[in-house]
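What's counted below: heavy atoms across the whole structure, side chains too, no hydrogens, waters or symmetry copies.
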Amino acid sequence: MSRVFRLEPGAPERAPAQGGIIAGYLSPHPPHLIYADNPPQNEPRSTGGWEVLRWAYDEVRRRVRAMKPDVLVVHAPHWITMVGHHVNCVPHPRGVSVEPIFPHLFRYHYDFRTDVELAEALVTSFEDHGLVARAMREEGVRVDYATIGALHMVNPKWDIPVVSISANNNPYFYAEAELGQMEVLGRATRKAIEQTGRRAVLLASNSLSHLHFDRETELPEDMGREYPYNNSQYRADMTLLETVRTKPSSALKTAIPEHIKASEAETKSGSLTWLLSALDWPATTGDILGYGTIIGTGNAVIEWRGQDV
């Protein structure tokens, strides 16, 4: 994205602003959050619920609006591609996204714009880094609820272009052995963003511990029935978050695989590893804006700041 500067007579020349990653957020996607928010795009109506996590997203929205990014880039664990990393290159995705397990909570009418130039650059960069990559150009393919969930909770106005990346690393099959490839994916993402001059905010659409209850209450948003699936899952989340809040992000190279071994973790999909690698493993702690459970799963909203662009 080019930028034009108007120079006053005699003023020194100024180089165009450089692109880069402004910030990255762990942005969990459970459909209950959109259901509880009651946006006009979602058909089901609720009486609220999961307020602590939704208040955390309120703060994310405020921060992102202040940053004025050119694009939001999301990696989501429920656009699962078994061969390669796919990038949505459809210019104007429109349709209805339905969560298959909770269709009574999530029937969302989406309508947004893709930053196609960046999307195509990502495919090229992935291939240049030795990854199998594909551009998804088929109009009308339904966008998954994990992509929609993270993007809506961060920017419900949908007035910032987006790019979405698939999860080649299946959270329900592979183990932490695949996280090395997600580090490469992160580096390739950073390269494409810098080359295209975009000011980007990245979203990792991951929950943490992911065991959940298999029976729903009569009122889905009954917070009297919302608590961790079990203490073991909760303690694993707290151990990971203690590392996030007290140590530089490089410590998570070890802490994330340990969390995967200690819990049924959605971080196996690699979204969080991709995010931190794209940020070049910042030498700062993460800013934990909120933590809460959703049908027993652990979810945290966390910010890491990127370079000053």
Side-chain angles (χ1 to χ4, degrees), residues 1-3 15-27 64 67-77 79-81 83-93 112-138 141 143-144 146-147 150-151 154-155 158 160-169 178-206 249 269-282 303-309:
M1 182 177 292
S2 62
R3 289 177 172 81
Q18 298 298 307
I21 300 170
I22 311 167
Y25 291 92
L26 181 60
S27 308
V64 170
M67 294 175 198
K68 299 180 180 179
D70 299 320
V71 63
L72 303 177
V73 182
V74 60
H75 186 278
W79 179 15
I80 299 171
T81 52
V83 179
H85 305 272
H86 294 214
V87 183
N88 190 341
C89 295
V90 177
H92 188 187
F112 61 90
R113 300 285 177 178
T114 299
D115 184 336
V116 177
E117 182 185 354
L118 176 58
E120 298 279 4
L122 284 167
V123 175
T124 299
S125 184
F126 294 169
E127 292 174 337
D128 289 347
H129 282 76
L131 301 172
V132 176
R134 295 291 184 272
M136 197 278 284
R137 300 189 179 93
E138 289 74 21
V141 174
V143 178
D144 67 286
T147 296
L151 288 170
V154 170
N155 181 39
W158 290 94
I160 304 171
V162 311
V163 176
S164 58
I165 304 170
S166 76
N168 179 229
N169 191 12
E178 295 297 316
L179 295 182
Q181 187 173 133
M182 301 309 295
E183 287 205 49
V184 177
L185 190 75
R187 293 194 294 270
T189 299
R190 182 172 69 251
K191 185 71 171 180
I193 289 169
E194 291 173 349
Q195 287 179 336
T196 54
R198 299 302 196 265
R199 300 175 69 258
V201 168
L202 271 51
L203 311 177
S205 181
N206 267 165
S249 68
S269 71
S271 299
L272 180 55
T273 300
W274 161 81
L275 173 74
L276 293 169
S277 175
L279 286 164
D280 200 19
W281 299 95
E303 179 193 72
W304 287 270
R305 285 296 176 112
Q307 57 184 301
D308 185 14
V309 295

Taking the side chain as everything from C-beta on, heavy atoms only, tell me whether [X] gets closer than 4.5 Å to [Y].
X: V163; Y: V71; result: yes
X: S205; Y: T147; result: no
X: L202; Y: L279; result: no
X: W274; Y: V73; result: yes
X: T189; Y: I165; result: yes
X: V143; Y: S164; result: no
X: N155; Y: V201; result: no

Between [X] and [Y], what is the shortest heavy-atom contact and its length?
X: A167; Y: A76; value: CB-O, 3.4 Å
X: G24; Y: L275; value: CA-CD1, 3.5 Å
X: L179; Y: G270; value: CD2-CA, 3.9 Å
X: M182; Y: S269; value: CE-O, 3.9 Å
X: P69; Y: I160; value: O-CG2, 3.9 Å
X: W79; Y: V87; value: CH2-C, 3.8 Å

Rounded to the nearest 0.5 Å, what separates atom [atom1] in [X] from atom [atom2] in [Y]?
X: T124; Y: H129; atom1: OG1; atom2: NE2; result: 12.0 Å
X: L272; Y: S27; atom1: CG; atom2: OG; result: 10.5 Å
X: D128; Y: K191; atom1: CG; atom2: NZ; result: 9.5 Å
X: I21; Y: R305; atom1: CD1; atom2: CZ; result: 14.0 Å

Verify, without hydrogens or angle tests, whether [X] (side chain) and [Y] (backbone) share a donor-acceptor contact under 3.5 angstrom.
X: D70; Y: R199; value: yes
X: H75; Y: L203; value: no
X: T114; Y: V90; value: yes
X: R190; Y: S277; value: yes

### Task
Take the angle between the ring planes of H85 and F126 and call it parallel below 30°, perpendicular above 60°, tilted in between.
perpendicular
### Query
Per the side-chain contact (heavy atoms from CB on, under 4.5 Å) rule, which among R134, R137, E117 passes with C89?
R137
### Message
The criterion is salt bridge (Lys or Arg N to Asp or Glu O under 4.0 Å); which residues satisfy it with E183, sequence neighbours excluded?
### Response
none
### side chain to side chain contact (heavy atoms under 4.5 Å, CB included) between L151 and L72, worked out
CA-CA 8 Å; L151 288 170; L72 303 177; 4.0 Å; yes
### Query
With sequence neighbours excluded, what pairs up with E127 under the side chain to side chain contact (heavy atoms under 4.5 Å, CB included) test?
V123, A133
#### Entry: For A192, all residues meeting side chain to side chain contact (heavy atoms under 4.5 Å, CB included), sequence neighbours excluded
L118, A121, L122, S125
### Task
Could you go through the side chain to side chain contact (heavy atoms under 4.5 Å, CB included) check for W304 and L26 one step at a time?
CA-CA 9 Å; W304 287 270; L26 181 60; 4.3 Å; yes
